[in-house]
Colleague: 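Starting off with a structure, shown below.
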Amino acid sequence: MSFIKTLIQGNEGGLYADGLTPTQKVTLRAVIVGVLYYGLSAIEGMLMRAHAITPLSLFEQNSHYFSVMTVHPIVGIFGSTYLIVFGAFTFLVPYLMKKPLYSVKLANWTWILIAVGALLSWLGGFIFHYAPLYTLYWPLPVDFKQYDAVGGLVFIVGVAVIMVGTLGFIYNIFATVFYTEEGHEKRPIKPLLISALGIDGFLNIWYKMTGREPYSKEPAVSLPVVAIFRGTIDTFLDALVILTCGVLILVYIFGELAGVPMDYTSVNALLYKNFFWWGLDLIADGLVLIYVAGTWYLLAMMITGKKLFMQNIARAALLLELVVSWFVWSHHLLGDQGQPNMMKLVSGEMVTAFELVTQGIAVFITLVTLWSARPLKVTFPLKFLLAGILGFMLAVPAGILQADMGLNRVLHNTQWIVGPHVHVAILVGLTMTLYAAMYTLWPTLTNDVKLWSNKLANLHFWGQLVGGIGMGAFMGMAGMDGMLRRTLYLNGEYETYMLLAGACGALLIVAWLAFLFNVIMSIGIQGLIGVFLPSKMKTKELVPKTQVAE
Amino acid sequence: MADSVEVLGALKLVYTIYTIAIMLLIAWFARGVVAPEGKPSVVKPSTFYGYVGVLVFVGVAIHILTFNKIPWVEIDFKRDSIKADQTFNITVKDHKFTLPEEKLTIQCKNYVMFDVDSKDLTYGFGLFRQNNSLVLQMQVVPGSPNQIMWQFHKNGTYHVVSTEYSGPHGGSEMTLKNAVEVVGCEDNDKYAMLGAK
């Protein structure tokens with residue numbers, strides 16, 4: 001088959017879009033748009049990397065550079081990660097619960113709202129150079145001496161739209177867990193709730209310790225769904241906090257636009273920072289870690305075909321992780337001298353250190369489950385899964401180290417934070433876990449479309465792994481030598497590190513292009529377009545009946 | 001007495017060793033889990049509980065170790081009860097630091113308090129050596145006390161830089177070169193001596 005024909009029709013006939021169910025389509029739509037937003041975020045990151053290499057300085061105005069830095073995480077986290085994760089879970093929760101998704105229509109609105117919201121926020125930065133960064137330290141987002149209020153309006157409305165879409169996802173997930181589908185006998189709420197919260201895991205351990213039969217031999221909810229349910233609780237709380245802060249900022253923006261500017265000292269900056277970080281940290285230290293643990297468990301079970309090692313402990317640990325995630329935000333305020341020392345010590349250091357334990361448990365259980373099924377085949381899901389685990393094994397201890405009152409004094413605000421911790425966690429830990437899930441679900445979601453090139457998939461793997469770890473490492477080294485994040489160095493102060501980090505960044509772009517090209521060549525442009533056209537199958541089934549029969 | 005150069009040097013070494021060890025561990029695991037001659041094996045629960053115990057120990061021990069080995073942690077905890085030998089009241093407004101004197105001169109081993117007040121935005125207050133390495137920093141939040149106490153043990157000249165983003169004109173544009181000088185020590189901070197790289 002000629003190259004052009006394959007490009008248009010896909011590999012060996014490509015994706016037959018008319019054969020996709022509405023649930024398959026909505027999942028693929030969210031994931032495809034999420035992958036495209038990942039590319040936008042990666043290109044933005046690369047532009048900033050290039051700007052840090054002195055002769056390549058790209059931005060004429062600092063405001064443009066910092067507006068890119070402002071939208072980069074919005075596009076990356078919400079536009080990309082949220083969409084991919086929500087898309088995957090929209091399929092997985094009903095798939096694992098063995099019943100239809102509660103509402104395909106709501107799932108469609110979810111990805112559309114998040115995609116539109118991310119675009120609006122991006123435009124707020126691109127057109128208006130609105131640049132308070134994602135941390136929105138009060139009163140920077142309402143400092144209209146520096147920023148255009150209209151830009152702020154576009155940006156904040158964008159974030160609010162993303163959060164509304166997020167609430168739609170949350171409702172759909174909870175409803176899917178609890179509702180009783182047509183023709184099925186009434187599903188009681190209590191056992192579902194106890195299982196979804198993981199309380200049955202605790203009870204099973206307690207019953208065993210007291211010499212009784214297990215509380216529940218067959219839990220009402222499978223372990224990955226427990227993780228998704230728990231993570232979604234944090235997603236909900238986080239959405240509420242971000243929406244609340246968004247409304248506060250909008251009030252000031254409307255005041256400015258109406259010619260009645262308001263006094264920003266009415267809001268206590270430290271209190272606001274505590275509130276905002278409590279919510280924002282539920283993403284980084286809450287839902288991400290919990291969702292990732294759940295995804296690892298699911299992948300380990302799918303790859304091995306075995307039950308998970310220490311199931312009850314895993315269930316209980318997920319509940320512990322949820323509670324831990326509510327009390328760790330102070331590690332973001334270790335450099336704030338107005339923050340009470342006791343909060344820094346207990347929340348910032350000690351409770352945060354428990355993330356080493358909860359994430360370590362997830363790593364151990366996943367690896368032991370895989371080991372118990374030796375020998376396994378070398379597959380892309382397995383490779384990406386191991387890379388994702390490696391990413392978190394590197395990034396979580398880096399975070400624990402910076403959440404130390406002594407080390408934070410010389411690490412906070414440096415490239416260490418965003419390098420070995422944030423970018424290694426996201427690019428290697430989270431993203432490679434998501435790719436593992438994508439490669440795993442690929443046959444189910446595309447009705448067995450054959451991947452066009454294993455060589456490109458390998459390039460994707462190594463580019464992402466080496467690029468992600470390498471970039472994080474060189475940023476970290478620069479950070480330990482004093483290079484601040486969010487600060488421009490245009491006199492070549494950290495040139496060697498920035499050149500090396502830039503090369504690794506370029507590798508990440510190559511990896512993304514390899515993946516994107518491989519996907520397009522596999523499903524074909526026709527199939528790609530077909531995913532976004534209405535489904536011709538009027539069914540609530542998750543996959544076509546023929547696939548189930550096979 | 002350890003300073004940030006030594007602390008970060010130790011961190012660089014420890015974290016590099018850890019990173020290499022973890023990558024080798026995963027590489028070993030990846031080879032082993034797909035090795036055709038590999039046999040399924042079961043891990044005892046006691047191994048798991050021992051591993052969790054190690055994680056708890058490491059998580060707590062890091063903080064106990066740094067509390068005892070990094071000198072500025074204890075000073076920071078007790079700054080309310082330690083009498084400052086020197087206090088510098090600094091204000092920040094419109095992306096500009098205003099110091100009480102053009103150059104702040106600090107006597108060796110004095111307890112010195114930097115008291116920074118922001119009149120508008122959230123900034124950072126950091127001291128940097130001549131080679132741009134970081135000595136100390138804190139956040140400067142408007143409407144909150146922003147005080148950091150420090151004890152210097154080596155001579156040197158330091159730049160004041162805002163370590164927190166406060167808009168496109170913050171960061172490196174908020175730099176006061178050679179604004180702080182420590183004198184009277186037996187040793188020199190070699191990276192903080194004028195002309196050092």
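Everything numeric in this text was worked out from a predicted model, so none of it was measured. Here is the naming used below: chain letters follow the sequence lines, and residue numbers restart at 1 for every chain.
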Colleague: Tell me, out of B:Val34, B:Thr66, B:Leu136, B:Val161, who's got the most heavy-atom pairs with chain A below 4.5 Å.
Modeller: B:Val34
Colleague: Under 4.5 Å heavy-atom distance to chain A, tell me which part of B:Ile70 shows up: side chain, backbone, both or neither.
Modeller: side chain
Colleague: Determine, using ring centers only, whether A:Phe461 and A:Phe380 are less than 6.0 Å apart.
Modeller: no
Colleague: Fit a plane to each ring of B:Tyr51 and B:Phe48, take the angle between them on a 0 to 90° scale, and name the class: parallel (under 30°), tilted (30 to 60°) or perpendicular (over 60°).
Modeller: tilted
Colleague: Which heavy atom in A:Asp404 sits nearest to a heavy atom in B:Ile62, and how many Å separate them?
Modeller: OD1-O, 4.1 Å
Colleague: Is it the backbone or the side chain of B:Tyr18 that comes under 4.5 Å from a heavy atom of chain A, or both, or neither?
Modeller: side chain
Colleague: Sub-3.5 Å donor-acceptor pair from the side chain of B:Gln147 to the main-chain atoms of B:Asp115, do we have one?
Modeller: no
Colleague: Which atoms of B:Ile26 are under 4.5 Å from chain A, going by heavy atoms: the side chain, the backbone, both sets, or neither?
Modeller: side chain
Colleague: Chain A heavy atoms under 4.5 Å from B:Arg129: which part of the residue, side chain, backbone, both or neither?
Modeller: neither
Colleague: Between B:Lys154 and B:Glu6, does at least one N-O distance fall below 4.0 Å, as a salt bridge requires?
Modeller: yes
Colleague: Step by step, work out the salt bridge (charged side-chain N to carboxylate O under 4.0 Å, His left out) result for B:Asp120 and A:Lys145.
Modeller: CA-CA 11 Å; B:Asp120 45 22; A:Lys145 282 193 285 185; 5.1 Å; no
Colleague: What residue, out of B:Lys39, B:Met23, B:His169, B:Met138, has the most heavy-atom pairs lying under 4.5 Å from chain A?
Modeller: B:Lys39
Colleague: Please name the residue in the list A:Phe354, A:Phe392, A:Phe364 that meets the side chain to side chain contact (heavy atoms under 4.5 Å, CB included) test with A:Gln359.
Modeller: A:Phe392
Colleague: Counting heavy-atom pairs under 4.5 Å with chain A, which one of B:Gly143, B:Gly171, B:Ser166 comes out on top?
Modeller: B:Ser166
Colleague: Evaluate the criterion ring-ring contact (aromatic ring centres under 6.0 Å, His included) for residue pair B:Trp28 and A:Trp371; output intermediate values, then yes/no.
Modeller: CA-CA 12 Å; B:Trp28 168 82; A:Trp371 197 256; 5.4 Å; yes
Colleague: Please determine, among B:Asn132, B:Val141, B:Val73, the option with the most heavy-atom pairs under 4.5 Å with chain A.
Modeller: B:Asn132
Colleague: Looking at chain A, which one of B:Ser4, B:Gly167, B:Gly170 has the largest number of heavy-atom pairs inside 4.5 Å, strictly under?
Modeller: B:Gly167
Colleague: Looking at A:Tyr137, does the NZ or CZ of A:Lys273 lie under 6.0 angstrom from its six-membered ring centre and within 45 degrees of the ring axis?
Modeller: yes
Colleague: Could you grab the distance from atom CG of B:Asn131 to atom CE of B:Met193, nearest 0.5 Å is fine?
Modeller: 13.0 Å
Colleague: Given that the side chain runs from C-beta out, which part of B:Ser144 has a heavy atom under 4.5 Å from chain A: side chain, backbone, both or neither?
Modeller: side chain
Colleague: Below 4.5 Å from any heavy atom of chain A, which atoms of B:Ala35 appear? Answer side chain, backbone, both or neither.
Modeller: backbone
Colleague: Given a strict heavy-atom distance threshold of 4.5 Å, which part of B:Pro145 is in contact with chain A: side chain, backbone, both, or neither?
Modeller: both
Colleague: Quick check for you: among B:Glu164, B:Lys69, B:Glu74, which has the greatest number of heavy-atom pairs under 4.5 Å with chain A?
Modeller: B:Glu164
Colleague: Counting only heavy atoms closer than 4.5 Å, note whether B:Val135 contacts chain A via side chain, backbone, both or neither.
Modeller: backbone
Colleague: Under 4.5 Å heavy-atom distance to chain A, tell me which part of B:Ser162 shows up: side chain, backbone, both or neither.
Modeller: backbone
Colleague: Please look at B:Gln137 and chain A and tell me whether the side chain, the backbone, both or neither of the residue comes under 4.5 angstrom of a heavy atom of that chain.
Modeller: both
Colleague: Please state whether the side chain, the backbone, both or neither of A:Ala403 comes within less than 4.5 Å of a heavy atom of chain B.
Modeller: backbone
Colleague: By a 4.5 Å heavy-atom criterion (distance strictly below it), what part of B:Tyr123 contacts chain A: side chain, backbone, both, or neither?
Modeller: neither
Colleague: Got a donor-acceptor contact below 3.5 angstrom from the A:Asn491 side chain to the A:Glu493 backbone?
Modeller: no
